[in-house]
Structure formats: structure tokens, C-alpha cells
Amino acid sequence: MSRIPCEIIRDLFPSYIDELTSEVTNQAVEAHILECDSCKNILGQMRNTDFETDEKEVKEIDFLKKTKKSLHKKLISGTALVCVLACLFLIGRYYFWGQYVNADYLSYNLEVTGEHMTIAVNSTSNQGIQNVEFHEEEGIVELTTRCVPKSVFYRESYDASFEATEQIRQVWIGDRIVWANGEEISPLTSKLFDVYNPYIGNMPSNEEIVKVLNMAAYTGGFTNELQTSEEPYSWRMIFKNEYSSDRQDAFEERLQNYAYILLAQIGNLDEIVYDYKVDGESYTMSITSEDASSFLGIDIKEAGTDVNLLEKLVRKTGLSNVVLGGVMVESNAQIEFENEVQEDKVMEFTVINYADDDIYGMSVKVDSKKCSGSQSMRNASGEALSDGENVNFQLIPQDFSTVIRDGDSGKVTLSVVDKDGKDYEVQGEVDVDLYWGNQYRVILSGNREDGYFLGH
């Protein structure tokens, strides 16, 4: 029988099992358990317990690994499924459901009789019409049109009819009034009606009206002075450009027409004053509300809040077909001038800016076999033109040294200006047949390093 007590031997078992004891201690433990069945049994139990614990831990680790792997697979599958569903949703929305478009991308033929209306809508973009929906409220019918890419399923035209619950007073396409009380409404009238400003002191709203009229494309830049301390309230515009005497009459007539509309669309504005130079000589022109009322034949202030009276004013000024600021608009409205002849002929050119670097101004030149005409602009805000922004030029007969007749052939060229005022010639030219009243659209692309390019 070993002389070492069992308690000491059992205290050594953990180190003995982990092989941390010395050879002498090992011999003492082994000699003891040869003679002591009780300690031998305890040692055996301790060894089995450690093995079972290790095996259990291994199983738990394996289980955790398998669980993690399974969750990872589910996460990848779920993410892939979400991506597939999102792609299917976008494809369905783009190709089958479509997107709502406004009147800028549509042309139409509209007939309204009492409570009944029919419309033939045509897409002017590269899309087909998916559907036309009607919404009615108190005699106002609003059409919303969804367009999708053209395909065998969808065409560029769509015929529809609608029966209202009461007599139709107005028809809207998107955010634009296109018909009211028996007459079609031009895009300019609709937009002006939308930006009506009751107070001259609200300069941002004043600028919105000027932008819709696209005045700067015709007159060039100008600074403003408001007199709102006492009535009559006035707005003075001081033009930066100097104008030629051979176009003075047409220029002054255009300024008068702009003033009539501004006096209608700004509720408490009493007078418009223009300061400008012609061949170095200074001129001042003043147009009052009384002048505008005399021109229209009724109180000019009534026109600002009545879309039909505003349409009458716009038509009488001859501005019905003006290119709206920032967008090219084609209208189906049948415009009938009282004298049937438009004295102020205009040839409109829109340059769409897709240049890769900043452009601060540009000049357009139109050459015919007989002569050439040109106009220049600089961004009045002093900032660069935005990507995709439309720059509109309006040339009149006085811009050319000889008469331009409808059908004369011509070429359109362009130059651009950087922030420092340096000019760059734009490569390429666009051949056009010149017609008064036409609207032409060209595209500017490229950059200073590789060159600017002009195309259709």
C-alpha cells in the first residue's frame, strides 16, 4: 500500500491527466492506483468526463459552423432574390407601366362639346403611349399620360374620349391648361397664368415671369431697380447691351409687348421703365397700366387672373409662339391674329448645352447666301450654364442686312465663352432651310481640350 494519502493523489489527477507532472510524480500516482481501486476508478471517470466534454465542444463548434454557413447561404440567396425582384420591378415599370409625362413631350388634337371630349394624343419623344387617364372636378378635366419605350405593344398615338358629369370648363394635360371656355390655350399663356405674382416686391416671382417670357434671349442681360416705397409702384430694367438703330423699332415694340404682359401678371405693378442705348445714345421708355389697358381694351389687371383674357393679351402681343424659357414647346393651339399678319417676324434657334465643361455664354450665327445675322448671350446670373440647359435665340429681320425670304438656305454656326470671357469656335455647322416663324434646335457637345462640336 502506498504511503501517499489518497487525497494528495487525487489532487494530482488533473495535472497528471494533462501530462504536466514530473516523471517521479507520475510513478507515484501510477504506483498508488495499482494498489487503490477507489482512486483508479476516480481517475478513469475523470478521463472519460474530459473526453466527453471535448467531444461535446467539437460537436457544438461543428454545429455553429454549419449554422453560420447555412445563414450565409440564405443571406446570399435572399439578397439575390431582392435584386432580381427589384430589377423585374424596374423593368416592368419602365417597359410596361411607364412614367407620367407632361405636355412638353406631347402633341394633341382636342375637341370639347358640353360634357363630352375626345382627344388624339401623340408622343413627340422616342416613347410610345401606354395609357391616358382622366380626372374630373367641378368642370375641370385633367389628363395624365403614361409613356413607355416604343414597341409592338405601344404606339406613339392614342385616341381617347371622356364623358364628364357636368359641362367642361377647362382641360389640363399634366400641369398645363390646354383648353378653357371654348378656346385653346397656348403654352406661354398657361405658364404665365401659373406664375402670376400679386406683389411687385417679390423679386424672385418677378424673375419667374421674365424667365417664362424668355426676355434675356431677345434683349440680353439687364439689372433691376424696384420703386415700392410709394404708389405708383414701378420696375426699372437697365439693359447692358447696346442696340443698333436699324432694329430699334422692332426692339421697342417687343419691349412694349413684354411690358403689357408684366403689368398684367404682377398685380400691384403700375409702371415698367426701360433704360437702353441705341448706337451710343441713351433712351428711356415708360409703359403704364393705363397704356396696357388701352392696348387690351379692358383693365389690364383683369387679364392676370383670367386665363382666357390672358390668352387674348398674349395673342394680341404676337408672343403666342414664343419659346418658353428653358424648354422648347410646340403647340397645337390654333392662333388667329386680328390682322392675320404678324409684323414682328421671328426665327428661333435653341442650343441644347451638353458641353463637358463650364460654358458661360455663346453666340449663334446664321449665314445665308446673301448675308448673315447673329446674336450673343451671357448668363445673367454669372453662373455656368447647366448641363442640358436650353439657350434660346430669337432673330428678327433687322438682324440681317438684306431680306431673308422663306426657303433661303442657310448655315448655323456657334461660338462659346468660358468664365474668363475667352471665345472658342465650335466645330461643325448645321444646314437649314430658313423660314420665318420656324424653330430650330441644335446640340452643343465636346470640351475645350478636344474641341466643341455642333450637331442636330
Side-chain angles (χ1 to χ4, degrees), residues 103-104 170 172 175-181 183-219 221-228 231-239 252-274 285-327 329 331 333 335 344 346 380 392 394:
D104 293 342
Q170 291 183 4
W172 293 59
D175 60 353
R176 179 177 300 162
I177 306 174
V178 298
W179 184 94
N181 301 310
E183 64 178 339
E184 296 206 38
I185 303 300
S186 66
L188 177 62
T189 299
S190 178
K191 190 61 178 175
L192 285 170
F193 190 71
D194 185 53
V195 296
Y196 174 80
N197 174 27
Y199 305 111
I200 178 60
N202 186 345
M203 196 60 200
S205 295
N206 297 338
E207 292 172 351
E208 282 296 314
I209 300 172
V210 169
K211 183 178 179 181
V212 171
L213 286 171
N214 204 17
M215 282 183 62
Y218 186 84
T219 64
F222 53 87
T223 58
N224 304 287
E225 292 180 2
L226 298 182
Q227 193 290 110
T228 57
E231 295 184 305
Y233 299 140
S234 66
W235 180 2
R236 180 181 295 271
M237 299 181 185
I238 306 167
F239 294 99
E252 290 176 344
E253 183 179 352
R254 179 60 72 94
L255 290 184
Q256 287 178 338
N257 291 329
Y258 287 144
Y260 297 150
I261 291 178
L262 290 168
L263 288 163
Q265 292 309 107
I266 303 175
N268 64 343
L269 176 62
D270 299 305
E271 182 183 27
I272 289 284
V273 180
Y274 299 118
M285 179 191 296
S286 173
I287 299 96
T288 66
S289 295
E290 290 75 14
D291 297 328
S293 298
S294 177
F295 172 80
L296 185 58
I298 59 173
D299 186 352
I300 194 65
K301 297 305 179 183
E302 295 182 20
T305 54
D306 186 309
V307 70
N308 291 95
L309 292 178
L310 181 59
E311 177 68 16
K312 178 181 177 181
L313 172 62
V314 168
R315 293 185 183 189
K316 195 166 184 178
T317 60
L319 297 176
S320 297
N321 293 324
V322 72
V323 179
L324 298 186
V327 291
V329 175
S331 171
I335 308 303
D344 189 10
V346 177
N392 302 301
Q394 298 176 325

Test side chain to side chain contact (heavy atoms under 4.5 Å, CB included) applied to Ala180 - qualifying residues, sequence neighbours left out: Gln170, Ile177, Ile185, Val307, Asn308
Partner set under side chain to side chain contact (heavy atoms under 4.5 Å, CB included) for Gln227, not counting sequence neighbours: Ser229, Glu230, Ser234
Sequence-distant partners of Asn224, side chain to side chain donor-acceptor pair (under 3.5 Å), two or more places apart: Trp235
Value rounded to 0.5 Å, distance of CD1 in Ile261 from CD1 in Ile272: 11.5 Å
CG-NZ distance between Asp306 and Lys301, expressed to the nearest 0.5 angstrom: 15.0 Å
Residues which pass side chain to side chain contact (heavy atoms under 4.5 Å, CB included) with Ser294, listed by chain and number, not counting sequence neighbours: none
Residue list, side chain to side chain contact (heavy atoms under 4.5 Å, CB included) with Thr288, at least two apart or on another chain: Glu271, Ser286, Glu290, Asp291
Contacts of type ring-ring contact (aromatic ring centres under 6.0 Å, His included), residue Tyr260, not counting sequence neighbours: Phe295
side-chain contact (heavy atoms from CB on, under 4.5 Å) evaluation trace for Tyr258 with Val210: CA-CA 9 Å; Tyr258 287 144; Val210 169; over 6 Å; no
Partners passing ring-ring contact (aromatic ring centres under 6.0 Å, His included) against Tyr233 (at least two apart in sequence or in another chain): none
Pair Glu207 + Lys211: basic N to acidic O under 4.0 Å: no
Residue pairs passing the side chain to side chain donor-acceptor pair (under 3.5 Å) test where at least one lies in residues 193-202, sequence neighbours excluded: Asn197-Asn206, Asn202-Ser205
